[in-house]
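Hydrogens, waters and symmetry mates are skipped; everything else that's a heavy atom, side chains included, is used.
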Amino acid sequence: MTQPLAQTSDLVKCFGDNRALDGVAMAIAPGRITGLVGPDGAGKTTLIRILAGLMAPTSGSVTMLGGPPGERLDDLGYMPQRFGLYEDLSVIENLKLYAEVRGLPKDEQQASFDKLMEFTDLARFQDRLAGKLSGGMKQKLGLACALVKTPRVLLLDEPGVGVDPISRRELWSMVGDLTGQGIGVLWSTAYLDEAEKCDTVYLLNEGQLLFDGPPAELTGRVRDRVIRVTGFKERRRAFLTHALDRADVIDGTIQGRSVRLLLRDGRPVPDAGAFAAGPDTRVDTADPRFEDGFIERLGGGPKGTSALAERYRTIPETDVDAIAANGLTKVFGEFTAARDMNFRIPRGQIFGLLGPNGAGKSTTFKMLCGLLSPTSGTGAVAGRSLRHSRADARAQLGYMAQKFSLYGDLSVRQNLDFFAGAYDLPRDQARRAIAAMIEIFELQDKLDVNAGTLPLGFKQRLALACAVMHEPPVLFLDEPTSGVDPVTRREFWMHINGLVEKGVTVLVTTHFMDEAEYCDRATLIYRAEQIATGTPDELKAEAARLTGAEDPTMEDAFIALIEAFDRKREAREAA
């Protein structure tokens, strides 16, 4: 049997009374990708920092390359989730700094840089400041810095967070090449499709190891318990809500016009009539995925009915589009960030902006919510022009972003108070709204904690609470679930689906292609242009036409449509 490059036994790490790791045993094998999976706050980053020698365990044993962590740093590559790059240094300056820190001899540095520039395709950007790179480029540079001196063990702490599907696929290809050289890789991830690609997976929850073994072993535990329901007469979101409230269902997601459900262990597959959703309802078994096994092992996802939606007002019917973009264009100097964006979103729909990092999604998003003035074109929210009635338009929307939508130095209570005042809620109404948000999002024990120190899942809850306190008719959600675990993402979408059923309109940007399935319509933005718009099923059908695939996913559609656009562009340039 091959000797592990790193391993732990009965590893414990305590912070006060909190056990971040509780008796964890794991190993990293050479030439293999070992997955580290778990919800937000499960202990993944703590484990990686102990392996990297940045933190000492409370008890238990840990070895790295035959000795204690930190002893063989020359043979260790570490890519942290944050703070790994110096954003005021250029790409090449970051590489030079890491080469010096890792003790790479001067006469070997240029050859290493050239190899890494080719490996990551960053040669064109070597003089660009790291802070000016897109999310995907930052992750590639972070990986390059970890590889500046070829390691025997590579520790990657959620390298796919905030990265579009194409960049994630490129990262996987790069890391796959490394394992061919015998490097042992530990890949921490919140993307369960990534976990499915690992050779071995360790599943952590609240510091405890719930599963270790090949991903297929966990997936196999829910075989014959996954069904797909089609032909129901209800709206997709309403059907999913009712299905999740059933006692025999522990998880569910939307897939185009169908709904995918995970049944409780020991319960029979219900027949179509059990759903009381019309004569055309059909129930078929579906292939299980790693995500199904993951959710089942954690005890299932949230139920369907949203307490937030039950409290929310019903948005009145109107003939005016909730959001309208008419030729929106933004130019920075000689660079066009978004060109001629056109779409309309009626009341009570979810519209997705999809695209790779740097494609123009965020620019379009910021123009529509009044944070950025367009160079040309117009936008409107709830009938209010962003050019002529910007204050009125902003009063009609709630805004939630992954970053900068909370004040990290303020406590949870102070953030709620601040946003209630920012939205001009009368004092009595503000008091009632804040009390409701605390109860709905289970923030009672966090009220005096600074928002900046909250686990990511609680930050996301607080950000959504702050965005909806004034019950706006329109919600803008910019990468709202990036980096949070699948259970927390399901909780988030339970609330959003409920709000949309009350007439709220949602504009969302996301890199999770399974989340794009929740959209009524979506537009794919690439190289500052809209290259495809339609329902998720229409986009997948176009991908099937382009590739010949029988049942493409939204991620397949995303990649196929972008590649088709590139081929057309190359043909035009050649002509």
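Taking CG of Leu154 as the start and CG of Leu186 as the end, the distance is 9.0 Å to the nearest 0.5 Å. For the atom pair CZ (Phe343) and CG (Leu353), the distance works out to 5.0 Å, reported to the nearest 0.5 Å. For the atom pair CD1 of Ile440 and NE2 of His495, the computed distance is 7.5 Å after rounding to the nearest 0.5 Å. Separation of atoms CD (Gln396) and CZ (Arg384) is listed at 4.0 Å; rounding is to 0.5 Å. Here the straight-line distance linking atom CD of Glu501 with atom OG1 of Thr314 works out to 11.0 Å at 0.5 Å rounding.
At a threshold of 4.5 Å between non-hydrogen side-chain atoms, the residues Leu475 and Leu397 do not count as touching. Val508 places none of its side-chain heavy atoms less than 4.5 Å from the side chain of Phe476. For the pair Arg527 and Asp566, the minimum side-chain heavy-atom distance is below 4.5 Å.
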Please walk me through it: do Thr45 and Asp157 pass side chain to side chain donor-acceptor pair (under 3.5 Å)? CA-CA 7 Å; Thr45 296; Asp157 194 359; 2.9 Å; yes

Report the C-alpha distance between Lys366 and Asp478 in whole Å, list the side-chain angles of each, state the deciding distance to 0.1 Å, and finish with yes or no for salt bridge (charged side-chain N to carboxylate O under 4.0 Å, His left out). CA-CA 9 Å; Lys366 289 175 181 177; Asp478 192 7; 6.0 Å; no

As a quick check of understanding, evaluate salt bridge (charged side-chain N to carboxylate O under 4.0 Å, His left out) for Glu563 and Arg169, giving each step before the final call. CA-CA 13 Å; Glu563 288 179 342; Arg169 187 175 65 166; 3.0 Å; yes

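Surrounding CG of Asp177 are more than 12 heavy atoms belonging to other residues, nucleotides or ligands, all under 6.0 Å away. Residue-environment remark: NZ (Lys502) exceeds the threshold of 12 foreign heavy atoms within 6.0 Å. In the displayed structure, Glu118 atom CD is contacted under 6.0 Å by at most 12 heavy atoms of other residues, nucleotides or ligands. Within 6.0 Å of CZ in Arg228 there are 12 or fewer heavy atoms belonging to other residues, nucleotides or ligands.
Every residue meeting the ring pair (Phe, Tyr, Trp, His ring centres under 6.0 Å) condition with Tyr526, not counting sequence neighbours, appears here in chain and number order: Phe565. Listed by chain and number, the residues in a side-chain hydrogen bond (donor to acceptor under 3.5 Å, both in side chains) with Gln349 amount to none (sequence neighbours excluded). For Val175, the side-chain contact (heavy atoms from CB on, under 4.5 Å) test picks out Ile33, Leu143, Leu156, Val185, Trp187, with sequence neighbours left out. Remark: Met554 engages Leu354, Met513, Ala516, Glu517, Pro536, Leu539, Lys540 in a side-chain contact (heavy atoms from CB on, under 4.5 Å) (not counting sequence neighbours). With sequence neighbours left out, the salt bridge (charged side-chain N to carboxylate O under 4.0 Å, His left out) criterion links Lys149 to Asp74. Residues that satisfy the salt bridge (charged side-chain N to carboxylate O under 4.0 Å, His left out) test with Arg128, not counting sequence neighbours, are absent from this structure. Remark: Thr547 engages Ala549, Ala560 in a side-chain contact (heavy atoms from CB on, under 4.5 Å) (not counting sequence neighbours). Not counting sequence neighbours, Glu196 has no partner by the side-chain hydrogen bond (donor to acceptor under 3.5 Å, both in side chains) test. A search for salt bridge (charged side-chain N to carboxylate O under 4.0 Å, His left out) contacts involving Asp514 returns Arg489, not counting sequence neighbours. Partners of Arg102 under the salt bridge (charged side-chain N to carboxylate O under 4.0 Å, His left out) rule, at least two apart in sequence or in another chain, do not exist in this structure. For His470, the side-chain contact (heavy atoms from CB on, under 4.5 Å) partners two or more places apart in sequence, or in a different chain, are Tyr423, Leu425, Pro472. Among residues two or more places apart in sequence or in another chain, the side-chain hydrogen bond (donor to acceptor under 3.5 Å, both in side chains) test is passed with Glu108 by none.
Judged by distance alone, with hydrogens and angles left aside, the side-chain atoms of Asp556 form a donor-acceptor pair with the main-chain N or O of Thr553 at under 3.5 Å. A side-chain donor-acceptor contact under 3.5 Å links Arg237 to the backbone of Tyr518. Although no hydrogens or angles enter the test, the distance criterion places a donor-acceptor pair under 3.5 Å between the side chain of Thr329 and the main chain of Asp340. Remark: the backbone N or O of Thr364 is not paired with any side-chain donor or acceptor of Lys330 at under 3.5 angstrom. Here the side chain of Arg347 pairs a donor or acceptor atom with the backbone of Ile315 at under 3.5 angstrom. Within the 3.5 Å criterion, the main-chain N or O of Val148 finds a donor-acceptor partner in the side chain of Ser112. Of the possible donor and acceptor atoms, one in the side chain of Asp520 sits under 3.5 Å from a partner among the backbone N and O of Ile350. Side-chain atoms of Arg313 come within 3.5 Å of backbone N or O of Glu471 as a donor-acceptor pair. Side-chain atoms of Asp537 come within 3.5 Å of backbone atoms of Arg257 as a donor-acceptor pair (strictly under, hydrogens ignored).
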